[in-house]
Number of protein chains: 2
Amino acid sequence: MTINVGLSPRIRKTPFHNATLRAGVEAFTVYNKMLLPLTYGDLEGEYRKLTTGVTIWDVSCERQVEVSGPDADACVQFLTARDLSKMKVGQGKYVAMCDHDGRLLNDPVLLKLEDRYWFSIADSDMLMWARAVAAEKGFDVEVCEPDVSPLGIQGPKAEDLVADLFGDWIRELRYFWFKPAELKDIPVVVCRSGWSKQGGFELFLQDSARGDDLWDLVWAAGEKYDIGPAAPNHIERVEGGLLSFGGDNTPDSNPLECGMGGFVDVDTDADYIGKAALQRVVADGPERLFVGLILDGDATGADAWPLEHRTPVRSSAGQEVGTMSAIVDSPVMGKTIGMAQIQRAVVEAGDPVTVESPSGPRTATITQLPFV
Amino acid sequence: MTINVGLSPRIRKTPFHNATLRAGVEAFTVYNKMLLPLTYGDLEGEYRKLTTGVTIWDVSCERQVEVSGPDADACVQFLTARDLSKMKVGQGKYVAMCDHDGRLLNDPVLLKLEDRYWFSIADSDMLMWARAVAAEKGFDVEVCEPDVSPLGIQGPKAEDLVADLFGDWIRELRYFWFKPAELKDIPVVVCRSGWSKQGGFELFLQDSARGDDLWDLVWAAGEKYDIGPAAPNHIERVEGGLLSFGGDNTPDSNPLECGMGGFVDVDTDADYIGKAALQRVVADGPERLFVGLILDGDATGADAWPLEHRTPVRSSAGQEVGTMSAIVDSPVMGKTIGMAQIQRAVVEAGDPVTVESPSGPRTATITQLPFV
């Protein structure tokens, strides 16, 4: 379901806003106080193009928190619950930023540039967090939000398209690695990244005045691949088990309760915020797990649109044991599937649960993420 | 102009959401990642009821950042660019929260309760800021977001209505002062506050399960005053010169550039973040001022809806000297009026400027806020 939202200076437009209007954008969300296109009116069609062809996404709302200066290495490590000691210039890493009690504050991709870092953030104000920590801790750094706006190119044909634009060197880029480049005279950083499991790149536009130009160049080169406008796709991301920060996790979740255990280092000399709390979570095991749900029966089309709010997950005895944050009909599986945070003991017992889907209560089996 | 926004668990509904739907809400904004009703479809009619009668507002999005514990006094002072040494229990104050460079991060109303404080915040994540500062500074405090959701009752008849509900003692409450109370068995804090210049109260609901009940009780008692559903009213707030944090100020603005000079104490023994930077601003004078604009000619109805984004303000020589963030047709003045941040030298020179209004370029005279 969509609602009417009034535009105002408090909610930022992106450098690609006019291009998305021309491309027929039909719904947005507000993300980091910026507009994020959600769909161009055909979520299933966008899913098909994303999984079989190539799509272009305005993901400018992934704002960058830039840290530079003499103490940048130490400051960025202190902000990040992962050992960064071996990180190379040109490399990106998916990281957890936590508070002093180990609660997950954001799950950005961290990029290490020549003389600075960028946290490419999810939906929470890490600029303020980083500035507070840097100033109070006394790090000699500059923390700012630079003029950088990512444009996503996602899908199995993305690599061919990006190679046409920039050259075959992009085929050698490993996952999350990146290089500065120019397209015509537009400055970008080309990174193999993006919030889908279909492969692709993000072009980090470094001049917001050139949004239309960059969009049009990508679009023109993409016509031979039948490129289409799309957005972070709710169906694909649930199949792929991608965390939607702020939607899938409750505010008190630690990263291990968000499926990020593999990205958190607790046996390390690195000093970072929340380390002691996370060591305790690892020792004791998290209270909840982030899991998939396969609903009994076939996909009916009744549960196709994003949930409006978290709904309870109940045990067979009727007890609330977690909350579900997403539900879709999976084209790959032919099933209705969901994502939920559920008590670890319940997950480990393996019993079926009951969820409140938009079409009513349905029984479901707990499974690991990703689904596919 | 409004856009379609998809509902999702990442954007919170308020305890009064269903009540606002029943009352016919037509547009929202997203504020502190929560829905804030903007209008019930008749902004001018809501303005009339707000300025002559009484209106009910769902302003749950004014979230509370609660600070409690042994060091709460010192921590709250450190977070606040105002001398709090004489603040009493039961008192509220409009305050600036700034970063270490004196940039305005939020303009909450601070409430001092018996054993804790609440920052009733504008649209930025001060929970994270306060937690970062408290932990790094080593304050022995607990910082959380409690289950508290304000319901506004605004307009000249608000006092009679609130007295009917709670008793005549509320007539003695001074501006921004408050008292805990119950309505039937619903726990609330009654505060003489609200984002209008028409007078009124906010009921800080302390149990989100009772949103419908509280709304219905206020509504029933309000029928004899012809109560209507409304929201922070764009026309009234521009006439009244109220700052919309995040819309009227740029991210690098200090409080003196936002019309908050009167709420900032720099000649004080109080220790707070940004004090040295703000002392320099006071000594040198701010670079920009937050001012009113009276557009030449009569109000035409052409410029009645909120601006979609900031637009340039130009000198008669054509130079960009500031940005305009709001424009409305004022019923009281019979004029089109706006709000802008403009270079101090230009304001002091007193020359007319040119603004880009929705109907095209218009000349304007700079004036002080508020207008009325």
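Basis for what follows: all heavy atoms, side chains included, without hydrogens, waters or symmetry-related copies. Please read all numbers here as calculations on a predicted model, not as lab measurements. Below, chains carry the letters A, B, ... as their sequence lines are ordered, and counting in each starts from 1.
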Proximity breakdown for His100(B) and chain A, heavy-atom pairs closer than 4.5 Å | side chain
Ser325(B) to Pro9(A) - nearest heavy-atom pair and separation = O-CG, 3.4 Å
Most heavy-atom pairs under 4.5 Å with chain A, out of Asp123(B), Ile11(B), Thr29(B), belong to Asp123(B)
Ser244(B)-Arg10(A) side chain donor-acceptor pair, cut-off 3.5 Å = no
Among Asn249(B), Val25(B), Val30(B), residue most engaged with chain A (heavy-atom pairs, under 4.5 Å) = Val30(B)
Identify which of Lys13(A), Glu26(A), Glu308(A), His309(A) forms the greatest number of heavy-atom pairs closer than 4.5 Å to chain B.
-> Glu308(A)
Flag, side chain of Lys33(A) to backbone of Asn32(B), donor-acceptor distance under 3.5 Å | no
Residues in residues 126-133 of chain B that sit under 4.5 Å from chain A, counting heavy atoms only = Met126(B), Met128(B), Trp129(B), Arg131(B), Ala132(B), Val133(B)
Any chance you could measure Met1(B), atom CE, to Ser8(A), atom OG, to the nearest 0.5 Å?
-> 13.0 Å
Please state whether the side chain, the backbone, both or neither of Thr323(B) comes within less than 4.5 Å of a heavy atom of chain A.
-> neither
Identify which part of Tyr31(B) has an atom lying under 4.5 Å from any heavy atom of chain A, answering side chain, backbone, both or neither.
-> both
Mind checking side-chain hydrogen bond (donor to acceptor under 3.5 Å, both in side chains) for Asn18(A) and listing every partner two or more places apart, or none if nothing turns up?
-> none
Heavy-atom proximity to chain B below 4.5 Å, by part of Leu36(A) | neither
Could you look at Asp248(A) and say if it's the side chain, the backbone, both or neither that has a heavy atom under 4.5 Å from chain B?
-> neither
Segment of Thr311(A) engaging chain B (4.5 angstrom heavy-atom cut-off) = neither
For Arg103(A), is it the side chain, the backbone, both or neither that has a heavy atom under 4.5 Å from a heavy atom of chain B?
-> side chain
Winner by heavy-atom pair count (cut-off under 4.5 Å) against chain B, out of Asp101(A), Asp99(A), Asp125(A), Ile273(A) = Asp125(A)
Grab the two heavy atoms, one from Leu7(A) and one from Pro306(B), that are nearest each other, plus how far apart they are.
-> O-CB, 4.3 Å
Tell me, for Glu145(A) versus chain B, whether the close heavy atoms (under 4.5 Å) come from the side chain, the backbone, both or neither.
-> neither
Applying side chain to side chain contact (heavy atoms under 4.5 Å, CB included) between Val5(A) and each of Leu38(B), Thr2(B), Val5(B), report the one that passes.
-> Val5(B)
Is there side-chain contact between Asn4(A) and Ile3(B), with at least one heavy-atom pair below 4.5 Å?
-> no
